[in-house]
Amino acid sequence: MGHHIAGIVSRAKDSVEAEAMEGRASVDRCPVRSCEGRLTVDARAYDARTGLDTVVCPSCGHRGFKSREGVLLLFRCGSDYQFSYGPSVKTITVALSSAAVNLWSTHGVSADRLAKMAAEWGLVCGRPSQRVRLRISEPDFADCYLYFCRA
């Protein structure tokens, strides 16, 4: 697995570093691995209670969410980050591992920035209140990394 991740890192490093240097990370790509589609906002599906727009991939039909206000850090406790995303009391939690922080730091992404990117990714994946776990033993670790590294 180490060689596989090293190969992904070397191929994707330029793309991630460019986005990190600009202080942004794109969340308009479809998160479905086999899909190359771009997400579009379904203006009719805005939920004023949560502050979330529904985003849809016209290629594969995936549906996820995006906050109009962005995700806002409420608090951090150790490696757990709690974000809000609108007027709702619902939140999304991101749990970072040292492996995730170390991997992303090679691209110039801080732990706080990584947590925010992971929260946005969780929303795009359609998981507005589920925990995002960026631990090496969890599928979220590779899925989130590959999402932001796709060209």
Side-chain angles (χ1 to χ4, degrees), residues 8 12-105 107-151:
I8 292 169
K13 190 168 184 166
D14 291 339
S15 171
V16 174
E17 284 178 349
E19 287 184 352
M21 293 299 212
E22 295 175 21
R24 65 172 176 79
S26 177
V27 290
D28 63 346
R29 294 182 208 113
C30 180
V32 176
R33 275 196 199 180
S34 60
C35 182
E36 296 297 323
R38 302 300 247 187
L39 298 172
T40 58
V41 174
D42 180 354
R44 299 167 306 183
Y46 175 69
D47 186 342
R49 290 179 299 128
T50 63
L52 295 176
D53 277 310
T54 297
V55 291
V56 180
C57 177
S59 298
C60 72
H62 170 79
R63 298 177 72 81
F65 304 102
K66 187 173 183 180
S67 173
R68 287 188 175 180
E69 300 170 11
V71 294
L72 305 169
L73 179 63
L74 296 176
F75 62 88
R76 174 185 178 191
C77 181
S79 62
D80 285 356
Y81 291 75
Q82 192 83 34
F83 292 92
S84 69
Y85 46 79
S88 172
V89 295
K90 293 183 179 182
T91 61
I92 188 167
T93 302
V94 175
L96 298 181
S97 68
S98 59
V101 172
N102 289 336
L103 174 63
W104 283 91
S105 71
H107 300 294
V109 178
S110 70
D112 292 345
R113 180 71 186 132
L114 173 57
K116 184 174 182 176
M117 289 168 56
E120 291 169 344
W121 173 78
L123 290 175
V124 166
C125 288
R127 301 165 40 187
S129 57
Q130 292 178 350
R131 179 182 289 267
V132 175
R133 293 178 177 90
L134 294 189
R135 295 197 163 85
I136 204 158
S137 61
E138 298 285 339
D140 287 351
F141 183 88
D143 291 344
C144 182
Y145 186 77
L146 291 172
Y147 175 78
F148 284 106
C149 291
R150 274 194 283 172

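All heavy atoms count here, side chains included; hydrogens, waters and symmetry mates do not.
Residues satisfying the side chain to side chain donor-acceptor pair (under 3.5 Å) test with R49, not counting sequence neighbours, are none. Under the side-chain contact (heavy atoms from CB on, under 4.5 Å) criterion, T91 pairs with L74, Q82, sequence neighbours left out. With sequence neighbours left out, V41 forms a side-chain contact (heavy atoms from CB on, under 4.5 Å) with D53, V55. Residues meeting the side-chain contact (heavy atoms from CB on, under 4.5 Å) test with V94, sequence neighbours left out: Y81, F83, L96, A115, A118, A119, V132.
Across every non-hydrogen atom of P87 and E69, the tightest pair is CD-OE2, 4.5 Å. Of all non-hydrogen atoms in D28 and Y147, the two that sit nearest each other are N-OH, 3.7 Å. Among all heavy-atom pairs drawn from L134 and A100, the shortest one is O-CB, 3.5 Å.
Within the 4.5 Å cutoff, no side-chain heavy atoms of S97 are placed close to those of S79. The shortest distance between side-chain heavy atoms of L52 and P128 falls below 4.5 Å. Between S84 and I92 the shortest side-chain heavy-atom distance does not fall below 4.5 Å. Under the 4.5 Å side-chain criterion, counting only non-hydrogen atoms from C-beta, E36 is not in contact with C30. Between V56 and T54 there is a side-chain heavy-atom pair separated by less than 4.5 Å. Considering only heavy atoms from C-beta on, S105 stays 4.5 Å or farther from S110 through its side chain. In this structure the side chain of F65 never reaches within 4.5 angstrom of the side chain of Y85, judged on heavy atoms.
Evaluation of the salt bridge (charged side-chain N to carboxylate O under 4.0 Å, His left out) test over residues 74-87, restricted to residues two or more places apart or in two chains, returns R76-D112, D80-R131.
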Using a 3.5 Å cut-off and no angle test, enumerate the donor-acceptor pairs between side-chain atoms of residues 135-142 and protein atoms at least two apart in sequence or in another chain.
unit_1, atom_1, unit_2, atom_2, d
D140, OD1, R127, NH1, 3.0
D140, OD2, R127, NH2, 2.9
D140, OD2, R133, N, 3.0

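The aromatic rings of Y145 and H107 sit tilted, their planes meeting at an angle between 30° and 60°.
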